[in-house]
Asker: 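Below you will find the structure I want to go over with you.
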Amino acid sequence: MSEDRYLTFALGKGRLANKTMELLEKIGITCEEMKDKNSRKLIFVNEDLKLKFFLSKGPDVPTYVEYGAADIGVVGKDTIMEENRRIYEVLDLGYGKCRMCVCGPKSAKELLQHHEMIRVASKYPNIAKDYFYNKKHQTVDIIKLNGSVELGPIVKLADVIVDIVETGSTLKENGLEVLEEICPLSARMIVNQVSMQMEPERIKKLITELKSHL
Ligand code: PRP
């Protein structure tokens with residue numbers, strides 16, 4: 001494919017995008033336009049390197065990459081697991097480290113031992129379903145929430161939650177704890193399946209260079 005084709009990156013807005021730009025800078029990929037924190041622009045271009053970057057909500061990154069609107073994406077492993085899109089996951093970037101866990105009050109630990117029907121609140125219903133149905137063989141009622149999931153057990157909406165734990169302070173400050181760990185998480189680079197066929201050199205070079213800085 002022509003060298004003139006833009007390679008497009010979809011980045012999950014916020015901390016992950018900032019960390020990713022820091023890492024890309026180490027291998028000589030910059031985007032000056034993106035450094036203006038007051039900008040409301042959503043798409044940024046580096047004309048010299050023929051690169052485009054856009055910022056989206058994290059859960060939309062695998063969608064843009066699956067459909068080829070972006071060649072490459074950077075997103076948390078949690079989102080990759082939850083969205084289950086047809087994409088290649090090519091690199092563990094090592095930052096954004098945290099854990100997907102089942103959490104709740106200490107008293108709820110017992111409810112996880114005997115396959116009883118319990119209520120699980122989560123921003124990640126697919127991950128919760130996979131864990132309880134396929135790994136634990138426990139039938140549960142999953143309630144989708146969109147944030148501040150720790151409220152679930154406190155206000156008795158749910159017995160436990162499936163959520164991300166980073167420092168553990170949100171749990172601690174709300175009288176909850178990790179009851180079971182589902183898996184470790186970190187930021188990953190993902191690639192559109194057709195882009196990988198069409199631009200193998202450019203994408204493999206990028207992966208190799210990034211690897212050497214991790
Ligand atoms: C995430 C996660 C936990 C918290 C964990 O929430 O859902 O609530 O961070 O971090 P900690 O272990 O360091 O306390 P986020 O801040 O993304 O907001 P949300 O709850 O609205 O999703």
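Atoms within a ligand are numbered from 1 in the order they appear, just like the ligands themselves.
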Asker: Does any N or O of ligand 1 fall below 3.5 Å from an N or O anywhere on Asn146, backbone included?
Answerer: no

Asker: Who's the nearest protein heavy-atom neighbour of atom 6 (O) of ligand 1, and how far?
Answerer: Lys123 NZ, 4.8 Å

Asker: For the pair Glu83 and Arg188, find out whether any cationic side-chain nitrogen is under 4.0 Å from an anionic carboxylate oxygen.
Answerer: no

Asker: Roughly how far, to the nearest 0.5 Å, is CG of Leu145 from CG of Leu157?
Answerer: 5.5 Å

Asker: Mind listing the closest non-hydrogen atom pair of Leu179 and Ala108 along with its distance?
Answerer: CD1-CB, 4.0 Å

Asker: In terms of residue, atom name and distance, what is the protein heavy atom nearest to atom 4 (C) of ligand 1?
Answerer: Thr170 OG1, 3.7 Å

Asker: Looking at residues at least two apart in the chain, or sitting in another chain, which of them share a ring pair (Phe, Tyr, Trp, His ring centres under 6.0 Å) with Tyr124?
Answerer: none

Asker: Verify whether one side chain among Asp36 and Ser39 offers a donor that lies under 3.5 Å from an acceptor in the other.
Answerer: no

Asker: Verify whether the ring centers belonging to Phe53 and Phe44 lie closer than 6.0 Å.
Answerer: no

Asker: With heavy atoms of Ser169 as the reference, note each atom of ligand 1 found under 4.0 Å away.
Answerer: 12 (O), 14 (O)

Asker: Flag atom 8 (O) of ligand 1 as yes if some protein heavy-atom distance to it falls below 4.0 Å, otherwise no.
Answerer: yes

Asker: Kindly compute the distance separating NZ (Lys129) from CD (Glu82), expressed to the nearest 0.5 Å.
Answerer: 9.5 Å

Asker: Right, does atom 2 (C) of ligand 1 have protein non-hydrogen atoms nearer than 4.0 Å?
Answerer: yes

Asker: In terms of atom number and element, which parts of ligand 1 are under 4.0 angstrom from non-hydrogen atoms of Val165?
Answerer: 12 (O)

Asker: So for ligand 1, is Gly168 a polar contact partner (N or O within less than 3.5 Å, distance only)?
Answerer: yes

Asker: Right, does atom 13 (O) of ligand 1 have protein non-hydrogen atoms nearer than 4.0 Å?
Answerer: yes

Asker: Quick check on contacts: which atoms of ligand 1 are under 4.0 angstrom from a heavy atom of Glu150?
Answerer: 3 (C), 8 (O)

Asker: Apply the hydrophobic cluster definition, ILVMFWY joined by side-chain contacts under 4.5 Å directly or through others, and give me every member besides Ile43.
Answerer: Phe54, Tyr64

Asker: Measure the CE-CD1 distance between Met196 and Ile203 for me, rounded to the nearest 0.5 Å.
Answerer: 6.0 Å

Asker: So which protein heavy atom does atom 19 (P) of ligand 1 come closest to, and at what separation?
Answerer: Ser148 N, 3.6 Å

Asker: For atom 11 (P) of ligand 1, what is the nearest protein heavy atom, given as residue, atom name and distance?
Answerer: Thr167 OG1, 3.3 Å

Asker: Where is the nearest protein heavy atom to atom 5 (C) of ligand 1: which residue, which atom, and how far?
Answerer: Ile164 O, 3.4 Å

